[in-house]
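Each remark here refers to the structure printed beneath this line.
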Amino acid sequence: MATDSWALAVDEQEAAAESLSNLHLKEEKIKPDANEDRAAQSLLNKLIRSNLVDNTNQVEVLQRDPNSPLYSVKSFEELRLKPQLLQGVYAMGFNRPSKIQENALPLMLAEPPQNLIAQSQSGTGKTAAFVLAMLSQVEPTNKYPQCLCLSPTYELALQTGKVIEQMGKFYPALKLAYAVRGNKLERGQKISEQIVIGTPGTVLDWCSKLKFIDPKKIKVFVLDEADVMIATQGHQDQSIRIQRMLPRNCQMLLFSATFEDSVWKFAQKVVPDPNVIKLKREEETLDTIKQYYVLCSSRDEKFQALCNLYGAITIAQAMIFCHTRKTASWLAAELSKEGHQVALLSGEMMVEQRAAVIERFREGKEKVLVTTNVCARGIDVEQVSVVINFDLPVDKDGNPDNETYLHRIGRTGRFGKRGLAVNMVDSKHSMNILNRIQEHFNKKIERLDTDDLDEIEKIAN
DNA sequence: AAAAAAC
């Protein structure tokens, strides 16, 4: 009998381990080492395998609390939201939850609130999901910050802030504070806003030396574009320092379209008892975006090719990405000289100017935005149908940056719309980078001849 | 390389 139960335990372990590897968590498999073995055992004991799969097999859910029911919702009513919040949701034009929301919302709104690491492609409703989670926890009568959301850039913080304001507009007493550069406050006071959205440096200051925020009172902590927020070359230092100030029972929510393997592992380490949701494989993301490359031999040729394309890309709106601020401002100036109207946005500009430019672009007053990786992530302008990589995305070692590539071209083709991405290649080296990106996503990137007007006509359709 | 920090 003892033997039987042991055998069962082993079976369960294997089943659980298998489910882990199904979720690409192979690295966490049991190793012979005694300590690790114990750790793995307790993890497995806690873990209930739940491959919640809808009929199209797009969603993977790994739930860490065996006692809470696993379910998804097909309507917002099922979530029993406060009436003001439900009103806000419908006022934004959402009729029913998106795929990621169907699965993430019940987990995030569970009692007690669950931690979550969620990965889903661009334009699948991540922002609305975590904003809803924050708004459902907030107590507007308490005049102090209770929800904290970190964004990697100023522009994204503004954009997400707008979503919070819109969705929360039926809470009369609710206020939102922007913890971003340039937002200077009176010394020595505490802020009364219930929700704070901001960039890492300023938020850290507000929580620590300036003491505008009492981090111990935060109930919900959100990392948007979570992978870059916890990446070593990203904002890891500041994000983790902020996280350490939060109370133990604070809910942690990590959202991103991409998680590179090492960052994914790190995320699971820093989030206690995380639930995990993955939506779709990334290559499917690219199905709605047609990818091309243009072969050139120098920067000037790239510029010429871009000028040839200008008419085609201005049918709707376009974003042009450069590797450095310097190239971006050079390119914007050169395009202007040629008589093409373009806007420039980069981190070297003053925040007021940045806010004005992104606003004009959003309103459609600017058709073409020349920018850096500052706009690679999260910026959602519906009319953007073309993304041009004037420089391919590479990391500090000069290797292809696949995550950034996916985020950049994800600025187009939002919410299932069709999009177009054009990569400018100017050397053997950059052709090699492009080939490696192509291999990584296993999606054909076709050659485009910018001297052939028929071809340009074709892409502009 | 870019982004991110008020003294």
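Chain letters run A, B, ... following the sequence lines, proteins first and then strands; every chain starts at 1. Computed from heavy atoms alone, side chains included, the values below leave out hydrogens, waters and symmetry copies.
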For the NZ atom on A:Lys175, are there more than 12 heavy atoms of other groups (residues, nucleotides or ligands in this structure) within a distance under 6.0 Å?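 No, NZ of A:Lys175 has 12 or fewer neighbouring heavy atoms, counting only those of other groups under 6.0 Å.
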Please work out whether the ring planes of A:Trp206 and A:Phe212 are parallel, tilted or perpendicular, with thresholds of 30° and 60°. perpendicular
Hey, could you give me each pair passing salt bridge (charged side-chain N to carboxylate O under 4.0 Å, His left out) that has a residue in residues 116-131 of chain A? Not counting sequence neighbours. none
Looking only at non-hydrogen atoms, find the nearest pair between A:Pro393 and A:Thr404 and report the distance. CB-CG2, 3.9 Å
Please work out if [X] contacts a base, only the sugar-phosphate, or nothing of the nucleic acid, heavy-atom cut-off 4.0 Å.
{"X": "A:Arg377", "value": "nothing"}
{"X": "A:Phe321", "value": "nothing"}
{"X": "A:Leu204", "value": "nothing"}

For the backbone of A:Val425 and the side chain of A:Lys302, can you confirm whether one donor and one acceptor N or O come within less than 3.5 Å of each other?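 No, A:Lys302 side chain to A:Val425 backbone: no donor-acceptor pair under 3.5 Å.
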Students should find this one: the first and last nucleotides of DNA chain B, 5' to 3', lying under 4.0 Å from a heavy atom of chain A. What are they?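 It runs B:dA1 to B:dC7.
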